[in-house]
2 protein chains.
Amino acid sequence: MTPEQTFGKPRQRAPSKRALATRERVLDAAEAVFADRGFDGATIRDIASEAGEPVGTIHHHGGGKEALFHLTVARRAAALSQARLDALARCRASGPLTLESLLSAFMRPFFDLSRDNPRWRHYARIVAFVSTDDRWRAIAAECFDPTAEIFLDEFLALRPDASRQQLAAGFVFSVSAMLALLTSQGRITALGHAPAPEADQVDHLVRYCAAGLAA
Amino acid sequence: MTPEQTFGKPRQRAPSKRALATRERVLDAAEAVFADRGFDGATIRDIASEAGEPVGTIHHHGGGKEALFHLTVARRAAALSQARLDALARCRASGPLTLESLLSAFMRPFFDLSRDNPRWRHYARIVAFVSTDDRWRAIAAECFDPTAEIFLDEFLALRPDASRQQLAAGFVFSVSAMLALLTSQGRITALGHAPAPEADQVDHLVRYCAAGLAA
DNA sequence: GTCTATATGTAGATAGAC
DNA sequence: GTCTATCTACATATAGAC
């Protein structure tokens, strides 16, 4: 409960439906442009034009370029974590965990969301560079590390013989392979001389990472 | 032999030693700054300041920001390819190839070069984002794809039962894991709650990828 | 909340002296 | 080849009308 809500006459009204819709459009546009051009390559003007809004509106809702980026990353992070934790719970309910089922719970929700909604594909590109650029370490730590720790603990429980350092490295390898599949489809197709259906590739990814982690 | 060299009086003399040294300093500085801030985040002025040269000199040797970036990526690409192919030849000379020895020939040279010369670490960061950003697809294709094709063909020969598409995907997964180890040491350490010696990690990486590719 | 107009800084690039 | 001074364009950000 925010301080304003504790009084009879809140100083700030709840945002109108229209304002909320504008805000979503701004974040969708920011997501698309950041995904396409990276943080430095993106401009507020590009985002405004993509959103069909004047430049001032972007600042009004975003509060500056860095804050807007942070909002963009954080917006879907909770939903992604929740989808992963739900998948983990379902996995556990249907029998003992295995390396494959655990990896599957971590990875498949992202692919499922991407298949249903192309905006999640933009988001995947952003996650890829947030995860690898030290500049966004704080954002990555806030948005992704808590869930990563939970899954890493599960891996540790499954493989009590391996050290936490080894499993952490294997987990990072696996995440980077997953992001490669989400973002580098073009390179895989070029090297393979032919495209492959994504569903098979996800199965392949899970098997690949499970075998790697088992090693 | 360039056209100029075919005449008695070449229009352009060979660059002086001093000019060559300046050029190297410019490229080293560009490499460091591009690695640290990405293409759009880097500025010609940052590079000039890092090189200890005036801004005009950067343009003189680089020929514009994009051309300078291209030069920076291409400079070490030939040496890297050669090191990999040499390692492959040595591998082959010392017995029949295996998945592990083949991966080792591809991956270890990069780590060896990085260990000996910190500039190769800057280069690794650049390779990481050139490899994943479609914007630099042409540069990546020119600098890295030829060697990748050679190694992929070797993988195909070792695993005739697998499809080229599957192996291409596995190869891209492996490369992304390698780049993760070269660039995301911080994240691995944070998740692992402790640092690990890099030599062990490279062994681990090779085992991880070999197991994944075998699956 | 929304939009226009503008302030201020800094980017990439180049012309021309040395 | 090297370096200074400068041009032009466009970036972020904001002030203030509606």
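If you're wondering where the values come from, they're calculated on a predicted model, not measured in any experiment. Residue numbers start from 1 in every chain, and the chains themselves are labelled A, B, ... in the order their sequence lines are given, proteins ahead of strands.
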Assign each of B:G56 and B:S16 to its nearest nucleotide of DNA chain D by heavy atoms, then name whichever residue's nucleotide is nearer the 5' end. B:S16
Using modelled atom types only, decide if a donor and an acceptor are shared between the side chain of B:H61 and the backbone of B:T57 within a distance under 3.5 Å. yes
If you only use heavy atoms from C-beta on, which nucleotide in D:dT14, C:dC3, C:dA13 is closest to the side chain of A:P54? C:dC3
Side-chain donor-acceptor contact under 3.5 Å, A:Q201 with B:Q165: no
Rounding to a whole Å, what distance do you find between A:H59:NE2 and C:dT6:C1'? 14 Å
Among D:dA13, C:dC3, D:dG1, which nucleotide sits nearest the side chain of B:A19? D:dG1
Nearest-Å distance for atom pair CD1/C1', residues B:I44 and D:dC7: 16 Å
Side chain of B:T22 only, please: which of C:dC3, D:dT2, C:dG12 is the nearest? D:dT2
Have a look at A:A42 and say if it touches a base, only the backbone sugar-phosphate, or nothing, with a 4.0 Å heavy-atom cut-off. sugar-phosphate
Which part of the nucleic acid, if any, lies within reach of B:R45 when heavy atoms closer than 4.0 Å are counted: base, sugar-phosphate only, or nothing? base
Taking CZ from B:F69 and P from C:dG12, how many angstroms apart are they, rounded to a whole number? 14 Å
Proximal nucleotide (of C:dT2, D:dG1, C:dC3) relative to the B:H60 side chain: D:dG1
Looking only at C:dT2, D:dA13, C:dG12, the nucleotide nearest the B:T43 side chain is C:dG12
note: A:D40, atom CG; D:dA11, atom P; distance rounded to Å ~ 13 Å
Starting at CZ of B:R18 and ending at C1' of D:dC3, how long is that distance when rounded to a whole Å? 11 Å
Round to the nearest Å and state the distance from A:H61 atom NE2 to C:dC3 atom C1'. 12 Å
Charged N to carboxylate O below 4.0 Å: is that the case for B:R187 and A:D133? no
Check: A:S114 main-chain N/O paired with A:R119 side-chain donor or acceptor under 3.5 Å: no
Would you confirm whether A:S176, through its side chain, and A:F173, through its main-chain N or O, come within 3.5 Å as a donor-acceptor pair? yes
How long is the line joining CZ of B:R37 and C1' of C:dA11, in whole Å? 14 Å
Using a heavy-atom cut-off of under 4.0 Å over every strand shown, decide if A:A48 touches base, sugar-phosphate, or nothing. nothing
Which whole-number value in Å describes the distance from B:R23 CZ to D:dT2 P? 12 Å
